[in-house]
Amino acid sequence: MKIAINTSGVDYGDVDFAEFEKLGETVYFKNVPKKELFEIAKDCDAIIINKVIIDKEFLEKCPKIKYVGVFATGYNVVDLAACRARGVTVCNAPDYSTHAVCQHVFGLLLNFYGRIGQYNASVAAGDWIKSDNFCYYLGGMRELYGKSFGVYGYGNIGKAVAKVAEAFGAKVFVCTRTVPENCPYEVVSFEKLLGTCDVISLHCPLTEATAKMINKKTLALMKKDAVLVNTARGGLVDEAALAEALNAGRLGGACLDVVDSEPMLADNPLLTAKNCLITPHVAWLARETRERLFDIVAGNLRAFIEGKPRNVVS
């Protein structure tokens with residue numbers, strides 16, 4: 001078997017591809033133009049991708065491909081219908097990033113609520129040295145304790161985030177497509193989640209149903225001082241509407257690890273929006289997280305080769 005592996009975004013010199021190399025001849029590539037990608041993959045039986053688009057054109061140009069593995073839980077970069085039509089198996093990596101993403105959600109939120117970055121910059125600038133008191137206040141600090149915390153999407157990450165929010169003393173509300181059994185939190189409609197919660201954290205896939213679910217209409221239902229957290233997919237949010245709400249003071253803040261077009265475009269309105277904290281899609285990048293990811297993705301390919309495919313995306 002010949003395997004093409006997209007290393008962009010997953011390899012920073014601290015993870016090992018040895019398990020993939022045991023499974024066949026491996027060809028490594030970074031993000032490349034389409035024409036170059038077709039040339040790399042045309043003789044391959046399998047391709048492992050991160051943000052590479054796998055569509056009808058790719059499958060036509062690379063007809064030997066019978067397996068697509070995704071270095072992610074989300075698989076919106078893959079045209080599933082085109083893959084099904086050609087008998088191509090697509091496998092993702094569920095639950096590899098739960099701990100890291102949950103940690104990042106609260107890293108963003110606690111930095112926002114506690115103004116930690118602002119205080120650190122102030123101290124580095126010498127403001128504490130100049131202070132006439134043992135402490136000084138830059139304003140805007142809040143407690144998470146006692147807040148209403150909304151979790152949209154109750155998969156592995158949503159469950160972990162809900163549990164940590166509860167540990168902080170927040171009252172947790174859940175909104176999810178399928179009502180879970182034995183859920184310890186109140187399950188509410190999307191409208192109630194928007195209108196009730198001080199914090200809303202998104203943990204759902206990007207689909208036709210969820211695309212731009214945060215828009216002018218839904219933002220208008222949220223509390224004026226509410227904070228939106230998005231570590232899922234940028235396409236869940238109408239960025240122009242969110243920036244407008246932030247700049248007009250109709251929303252308290254946004255903590256984002258994802259945007260609609262990545263890398264971020266220079267004209268993205270969120271780049272200069274008020275009370276908007278952004279990190280560059282790094283919630284999942286901890287070394288331990290990527291090691292776990294490699295184990296799952298290599299295991300998926302091994303299972304496919306052995307005729308017992310797992311984590312198949314239907």
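As the structure is a computational prediction, the values presented were derived from the model and not from experiment.
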Next item on the list: Evaluate side-chain contact (heavy atoms from CB on, under 4.5 Å) for Lys147 paired with Tyr113, printing each intermediate quantity in order.
Entry: CA-CA 12 Å; Lys147 298 296 187 294; Tyr113 262 22; 4.0 Å; yes
Item checked: Candidate pair Arg115 and Leu138, rule side-chain contact (heavy atoms from CB on, under 4.5 Å), full reasoning -> CA-CA 8 Å; Arg115 306 297 187 194; Leu138 297 177; 5.9 Å; no
Next item on the list: List the steps and the verdict of side-chain contact (heavy atoms from CB on, under 4.5 Å) for Arg250 and Met222.
Entry: CA-CA 8 Å; Arg250 294 195 299 272; Met222 294 176 66; over 6 Å; no
Next item on the list: For the pair Phe173 and Phe190, evaluate ring pair (Phe, Tyr, Trp, His ring centres under 6.0 Å) and give the outcome as yes or no after the intermediate values.
Entry: CA-CA 10 Å; Phe173 296 86; Phe190 185 37; over 10 Å; no
Next item on the list: Take Arg233 and Glu262 through the test salt bridge (Lys or Arg N to Asp or Glu O under 4.0 Å) and record every step on the way to the result.
Entry: CA-CA 10 Å; Arg233 288 291 182 267; Glu262 297 174 348; over 6 Å; no
Next item on the list: Dump the intermediate steps for side-chain contact (heavy atoms from CB on, under 4.5 Å) on Leu23 and Ile305, then the final yes or no.
Entry: CA-CA 8 Å; Leu23 299 174; Ile305 293 170; 4.0 Å; yes
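Judged purely by distance below 3.5 Å, without hydrogens or angles, the side chains of Thr279 and His281 never pair a donor atom with an acceptor atom. Between Tyr136 and Ser122, the side chains place a donor N or O and an acceptor N or O closer than 3.5 Å (distance only, hydrogens not considered). Side chain to side chain, Asp257 and Asn230 fail the donor-acceptor criterion of an N or O pair below 3.5 Å.
Taking 4.0 Å as the cut-off between side-chain N and carboxylate O, Lys163 and Glu166 do not count as a salt-bridged pair. Ionic pairing of Asp260 and Lys212 is present here: one or more N-O contacts between side-chain nitrogen and carboxylate oxygen are shorter than 4.0 angstrom. Using a 4.0 Å cut-off between a side-chain N of Lys or Arg and a carboxylate O of Asp or Glu, Glu36 and Lys30 do not qualify as a salt bridge. A salt bridge is defined here as a Lys NZ or Arg NE, NH1 or NH2 lying under 4.0 Å from an Asp or Glu carboxylate O, and Lys61 with Glu39 fails to meet this definition.
In this structure, Tyr75 places its OH atom where only 12 or fewer heavy-atom neighbours from other residues, nucleotides or ligands lie under 6.0 Å away. No more than 12 heavy-atom neighbours from other residues, nucleotides or ligands sit within 6.0 angstrom of CD on Gln103. No more than 12 heavy-atom neighbours from other residues, nucleotides or ligands sit within 6.0 angstrom of NZ on Lys217. Remark: Tyr145 OH is loosely packed, at most 12 non-hydrogen atoms of other residues, nucleotides or ligands lying under 6.0 Å away. Counting non-hydrogen atoms of other residues, nucleotides and ligands closer than 6.0 Å to NZ of Lys274 gives a total of 12 or fewer. Annotation: Arg177, atom CZ; neighbour count of heavy atoms from other residues, nucleotides and ligands within 6.0 Å does not exceed 12.
Put simply, the side chain of Lys223 gets close to the backbone of Thr196: a donor and an acceptor are under 3.5 Å apart.
Interatomic distance, CG of Leu108 versus OG1 of Thr231, reported as 7.5 Å (0.5 Å rounding). To the nearest 0.5 Å, the span separating CG on Leu277 from CG on Leu256 amounts to 8.0 Å. We find the SG-CG distance between Cys91 and Asn300 to be 5.0 Å, quoted to the nearest 0.5 Å. Within the model, atoms OG1 of Thr207 and CE of Met213 stand 9.5 Å from one another, a figure rounded to the nearest 0.5 Å. Between Leu109 atom CG and Arg142 atom CZ the span is 9.5 Å, to the nearest 0.5 Å. Of the inter-residue distances, the one linking Tyr67 atom OH with Ile3 atom CD1 reads 9.5 Å to the nearest 0.5 angstrom.
With a 4.5 Å cut-off on side-chain heavy atoms, Lys171 and Tyr185 do not count as touching. Residues Phe29 and Asn6 form a side-chain contact, since some pair of their non-hydrogen atoms from C-beta on lies under 4.5 Å apart. Within the 4.5 Å cutoff, side-chain heavy atoms of Ile40 are placed close to those of Val32.
Aromatic ring centres of Phe17 and Phe294 lie closer together than 6.0 Å. Ring centroid separation for the pair Phe106 and Phe168 comes in under the 6.0 Å cut-off.
Taking every heavy atom of both residues into account, Val105 and Val229 meet most closely at CG1-CG1, 4.1 Å. Considering every non-hydrogen atom in both Tyr154 and Pro184, the closest pair reads OH-CD, 3.7 Å. The shortest heavy-atom contact between Lys130 and Ala125 is NZ-O, 4.2 Å. Closest heavy-atom contact between Leu301 and Met1: CD1-SD, 4.0 Å. Of all heavy-atom pairs between Cys276 and Leu270, the closest is SG-O, 3.9 Å. Minimum interatomic distance between Leu193 and Gly150 (heavy atoms only, all atoms of both residues): CD1-CA, 3.6 Å.
Cation-pi contact between Lys34 and Phe58: absent, since separation from the ring centre below 6.0 Å together with deviation from the ring axis within 45° is not met.
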